[in-house]
Each structure stands twice: as C-alpha cells, then as structure tokens.
Amino acid sequence: YLLAEAYERGDRFLPSQVNGIFQYLSYKGGFLQIGVGGGKSLLSLVVADQGFRDGNDRILLMCPPALVTKLMESDLRFARQMVPLGVPIHCMHGKGASARARLAKRRPRGLYVFPYSLASAPDAEEIMGLIAPSLVVSDESHRLANFSAFRTRRFSRFMEEVKPQFVCM
C-alpha cells in the first residue's frame, strides 16, 4: 500500500494500521481498538480507498468536526505522500442543508466525509439514505455510544436499514 518513494524515505505503517488493513481485507469490516496517535486518520483513508477499489461506490467516513478540519487541511496531504489514494473525496462539513441535499442527490462516487455533528441534524437520515454508502468507516466511534443522543439513534436506524460494511475505530 505504501508508495515506493514513501518506502524509500523509511515510512512504514504502524502495527495497529497493518492489523486494521488486514481486518478489513479479511472480513470487509472490523472493530479496531486504536488509541490516540495510532494512525486512525491514515487507516481510515486507506480502508476507504481499498473499499472503493473493491467496488464500494459510496463510502461514508464519520468523524468529529475538529478531525474533519485536520483531515482536510493536513492529514489528506500527508496520506497522499504515503499511499496511492484514488477515491474521490466529498466533504459534507460546513455545508448548509440545501448544499448537502444537492450533493447527496447527485450521488457522485467516492468518500463522503461526514462529521458526527451532522448526524444530529434533522436531515441526517435522509442525507445518509440518499448517499446509500455500502461501506461506513467510523473514526472515534465512541461518539455513537450514547443511545439517548439523536445522532446515535439516527445512525442506528440508518445502519439497520442500509446494512453497509462497517469499520469502527
């Protein structure tokens, strides 16, 4: 998975990332216990890209809003220096309801970066349903642990209805 130039620089995946890639390749899903600094952002992108190459036309990456900004501003640039990323990326963060709806209705192929805060929005189930991802990657999935929270209930109903492959970290 590493680009030749990254390998030549001495870059390597962390053991937790290797395990995560193995889990996804073996089971088309996974429950990955990776701590802070364990490389979840890069792993999320690698899994999404592999999923895309495996035929998952639409992939949903859920993560905290602060992580979306970091992902789009620096992690993505770093990842492209390490691994070949061919999956188109559509960021839903910072878009109003009408812009989210337009993008979701167009249903372009690729990775949809979807902050957890949007899962609390009234249109969340509709937007996720329009995207209809066949793979969902959840970074910091403990954000979905509170079953009394709107986002957790909306996400649970969506997962029950769509039944995508699921990787949570």
Check: Q165/Y24 side-chain N/O donor and acceptor closer than 3.5 Å: yes
Full working for side-chain contact (heavy atoms from CB on, under 4.5 Å) between L45 and L76: CA-CA 8 Å; L45 293 168; L76 194 53; 4.0 Å; yes
In one Ile/Leu/Val/Met/Phe/Trp/Tyr side-chain cluster, 4.5 Å: L60, V87: no
Sidechain N-carboxylate O distance under 4.0 Å for K70, E73: no
Closest contact, heavy atoms only, L43 versus S16: CD2-O, 4.3 Å
Cluster overlap I89 with V137, hydrophobic side-chain contacts below 4.5 Å: yes
Heavy-atom pair with the smallest gap, counting every atom of P164 and L135: CB-N, 3.9 Å
Verify same cluster id: L118, L71 (apolar side-chain graph, 4.5 Å): no
side-chain hydrogen bond (donor to acceptor under 3.5 Å, both in side chains) assessment of Q50 paired with Y1: CA-CA 9 Å; Q50 181 61 51; Y1 286 95; 2.7 Å; yes
Heavy-atom side-chain proximity of I59 to P133 below 4.5 angstrom: no
Non-hydrogen atoms of Q17 and G38 that approach each other most closely: CG-O, 3.8 Å
Heavy-atom pair of closest approach, residues P88 and F52: CD-CZ, 3.6 Å
All side-chain contact (heavy atoms from CB on, under 4.5 Å) counterparts of E5, not counting sequence neighbours: L3, R9
Salt bridge present between D57 and R107 (N-O < 4.0 angstrom): no
Interatomic distance, S44 atom OG to M169 atom CE [nearest 0.5 angstrom]: 3.5 Å
Pairwise distance OG(S156) to CD(E125) - rounded to 0.5 angstrom: 9.5 Å
Separation between OG of S141 and CZ of F31, rounded to the nearest 0.5 Å: 6.0 Å
Y27 atom OH, neighbour heavy-atom count above 12 within 6.0 Å: no
Nearest atoms (heavy-atom pairs only) where P108 meets R58: O-CG, 3.6 Å
Whether H90 and Y112 hold their rings parallel, tilted or perpendicular, with breakpoints at 30° and 60°: tilted
Q33, CD: over 12 other non-hydrogen atoms inside 6.0 angstrom: no
Close side-chain approach of V113 and M92, heavy atoms under 4.5 Å: no
Minimum side-chain heavy-atom gap V167-L32 below 4.5 Å: yes
Test item: M62 and D139 side chains (from C-beta on) under 4.5 Å apart, heavy atoms: no
Expected output: side-chain D49 to main-chain L85 donor-acceptor under 3.5 Å: no
Atom pair CG (L103) and OG (S98), whose distance is rounded to the nearest 0.5 Å: 11.5 Å
Same apolar cluster (I L V M F W Y, side chains within < 4.5 Å links), L61/L42: yes
side-chain contact (heavy atoms from CB on, under 4.5 Å) between F114 and V68, intermediate numbers included: CA-CA 8 Å; F114 197 92; V68 172; over 6 Å; no
Between CD on residue E140 and NZ on residue K40, distance to nearest 0.5 Å: 5.5 Å
S41 side chain reached by L67 side chain, heavy atoms, under 4.5 Å: yes
K163 side chain to M159 backbone, donor-acceptor under 3.5 Å: no
Mutual orientation of the aromatic rings belonging to F155 and F166 [parallel < 30°, tilted 30-60°, perpendicular > 60°]: tilted
Main-chain N/O of Y7 paired to R12 side chain as donor or acceptor, under 3.5 Å: yes
Intermediate values then yes/no, side-chain contact (heavy atoms from CB on, under 4.5 Å), Q81 and R77: CA-CA 7 Å; Q81 295 172 1; R77 186 172 39 256; 4.3 Å; yes
Spacing of K105 atom NZ and E126 atom CD [to the nearest 0.5 Å]: 6.0 Å
Give every donor-acceptor pair under 3.5 Å between a side-chain atom in residues 143-152 and any protein atom, sequence neighbours left out.
| unit_1 | atom_1 | unit_2 | atom_2 | d |
| --- | --- | --- | --- | --- |
| N146 | OD1 | S148 | N | 3.0 |
| N146 | OD1 | S148 | OG | 2.6 |
| R151 | NE | R143 | O | 3.1 |
| T152 | OG1 | L144 | O | 3.3 |
| T152 | OG1 | N146 | O | 2.9 |

Shortest non-hydrogen contact from R100 toward A121: NH2-CB, 4.1 Å
M72 reachable from M82 in the ILVMFWY side-chain graph, under 4.5 Å edges: yes
